[in-house]
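Note sheet for the following structure.
Excluded from the calculations below are hydrogen atoms, water molecules and symmetry mates; all remaining heavy atoms, backbone and side chain alike, are included. Residues: numbered from 1 along the sequence shown. All values derive from a computational prediction rather than experimental measurement.
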Amino acid sequence: MKKFLQWAAIGLMSLAGLLTLALLGIYLLTQERINRLYNIPTQAPPIPTDSQSIAYGKHIFQFRGCQACHGEQLQGKVYLSDPALGEVNASNLTSGKGGVAGSYPTPADWARALRHGVRPNGKPLLFMPSTEFYFLSEEDLGAVIAYIHSAAPIDHEQAPSSLSLTGRVAMTLIKEITFLPAELIPHHQPPPPAPPAALT
C-alpha cells in the first residue's frame, strides 16, 4: 500500500509538472502573439474640421458601437470583467490624464488602430474590434477621427485590458478564437470601395 501511494504521488507530481509546462508554453505562445510587430504603412484619410463632419463622425461612433465601449465622453470604461476571459477595458480616448490621445500623435496612428487594430508601436490591440471598422470608407474613417480629436479632455485612469489564463488557453487550442483582431485583417489589401449612398 505504501509503495502504491508513493507511485501515485510521483504520478500526480509528474502530471502537475506537465500541466505547469503546458500552461507556461501557452502563456509564452500567446505573449509572442500579443507582442508581434505589424508593419502597416497606413496613410491617413482626409480629416475634416467642420462641425457637420464632426457630427457625422459622432453619429458613426455611436451607431457602430464605439460609444458603448468607450463611453459618452470617450472617457473609457470597464466594458467586461470576466475571470474566464479577462478584463476588457476600453481606453480613454481623450487628451486628459489617463487618456491615450498623446500616444496617437498623427491621424495615421488613429487610422491604423481603427482599421487595423494596431498600436502606433506596431503591436496589436487586445479586444479592439477592428474587423468591424476595416471596411469604413475614407470619408467615414476621417469623420470618426475628427470626432475623436474634438473630444474634451477627461481625466480618467484605468488599467489596460488583460487576457486571463483560460482566455489564453482558448486562443491557443481553438483556431477560430482570437482576441487580437489584427490577426484576422488582410492588412496589405486595400479595403473595398464604399458603396454609393442610397436608401437601404
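Across all non-hydrogen atoms, the minimal contact from Ala113 to Tyr104 is CB-CE2, 3.6 Å. The two residues Thr166 and Ala84 have their closest heavy-atom pair at OG1-O, 2.7 Å. Among all heavy-atom pairs drawn from Pro107 and Ile47, the shortest one is CB-CG1, 3.8 Å. Taking every heavy atom of both residues into account, Gly142 and Pro48 meet most closely at O-CD, 3.5 Å. The minimum heavy-atom distance between Asp140 and Ser137, with the atom names listed, is N-OG, 3.1 Å. Considering every non-hydrogen atom in both Ala151 and Thr94, the closest pair reads CB-CG2, 4.2 Å.
The aromatic rings of His59 and Tyr56 sit parallel to each other, their planes meeting at less than 30°, with 60° as the upper class boundary. A perpendicular orientation is assigned to the rings of His149 and Trp110, their planes being inclined by more than 60° (bins at 30° and 60°).
Between atom CZ of residue Arg119 and atom OG of residue Ser103 there is a gap of 9.0 Å, rounded to the nearest 0.5 Å. The structure places CD of Gln158 at 7.0 Å from OG of Ser91, a figure rounded to the nearest 0.5 Å. Between atom SG of residue Cys66 and atom CD1 of residue Ile148 there is a gap of 7.0 Å, rounded to the nearest 0.5 Å. Taking CD1 from Ile54 and CD1 from Ile145, the interatomic distance works out to 12.5 Å, rounded to the nearest 0.5 Å. With values rounded to the nearest 0.5 angstrom, Arg112 atom CZ is found 6.5 Å from Thr106 atom OG1. Between Asn92 atom CG and Gln75 atom CD the span is 7.0 Å, to the nearest 0.5 Å.
Judged by distance alone, with hydrogens and angles left aside, the side-chain atoms of Asn35 form a donor-acceptor pair with the main-chain N or O of Gln31 at under 3.5 Å. Side-chain atoms of Lys58 do not come within 3.5 Å of backbone N or O of Ala143 as any donor-acceptor pair. Counting only distance, with no hydrogens or angles, the side chain of Ser53 and the backbone of Thr49 share no donor-acceptor pair below 3.5 Å. No donor-acceptor distance shorter than 3.5 angstrom exists from the side chain of Ser130 to the backbone of Phe133, with no hydrogens or angles considered. Judged purely by atom type and a 3.5 angstrom limit, Asn89 uses its side chain to pair as donor or acceptor with the backbone of Ala159.
Using a 4.5 Å heavy-atom threshold, the side chains of Thr131 and Ile185 count as touching. Counting only heavy atoms from C-beta outward, the side chains of Pro181 and Phe127 never approach each other to under 4.5 Å. The side-chain heavy atoms of Lys123 and Arg36, taken from C-beta on, include no pair separated by under 4.5 Å. For the pair Pro83/Ser164, no side-chain contact is recorded, criterion being any heavy-atom separation below 4.5 Å from C-beta on. Contact check for Arg33 versus Leu180: side-chain heavy atoms found under the 4.5 Å cut-off. In this structure, Leu163 and Met171 have side chains that are in contact, with non-hydrogen atoms separated by less than 4.5 Å. For the pair Leu85/Leu80, a side-chain contact is recorded, criterion being any heavy-atom separation below 4.5 Å from C-beta on.
Leu74 and Val100 fall within a single hydrophobic cluster, where Ile, Leu, Val, Met, Phe, Trp and Tyr are joined by side-chain heavy atoms under 4.5 Å apart, directly or via other members. Clustering ILVMFWY residues whenever any of their side-chain heavy atoms sit less than 4.5 angstrom apart, transitively, puts Leu125 in a cluster other than the one holding Ile34. Linking Ile, Leu, Val, Met, Phe, Trp and Tyr residues whenever their side-chain heavy atoms come within less than 4.5 Å leaves Ile40 and Met128 in two separate clusters. In this structure, Phe63 is a member of the same hydrophobic cluster as Leu141, with clusters built from ILVMFWY side-chain heavy atoms closer than 4.5 Å. Hydrophobic clustering places Val88 together with Leu126 (ILVMFWY residues linked when any side-chain heavy atoms are closer than 4.5 Å, directly or through intermediates).
In terms of the ring-ring contact (aromatic ring centres under 6.0 Å, His included) criterion, residue partners of His187 (sequence neighbours excluded) are, by chain and number, Tyr38, His116. Listed by chain and residue number, Tyr147 satisfy the ring-ring contact (aromatic ring centres under 6.0 Å, His included) test with Phe61 (two or more places apart in sequence, or in another chain).
In the hydrophobic clustering, Leu37 connects to no other residue, as no ILVMFWY side-chain heavy atoms lie under 4.5 Å from its own.
Residues Arg115 and Glu132 are not paired through a salt bridge, judged by the lack of any N-O separation under 4.0 Å between the basic side chain and the carboxylate.
Side-chain atoms of Ser162 and Glu87 include no donor-acceptor pair closer than 3.5 Å.
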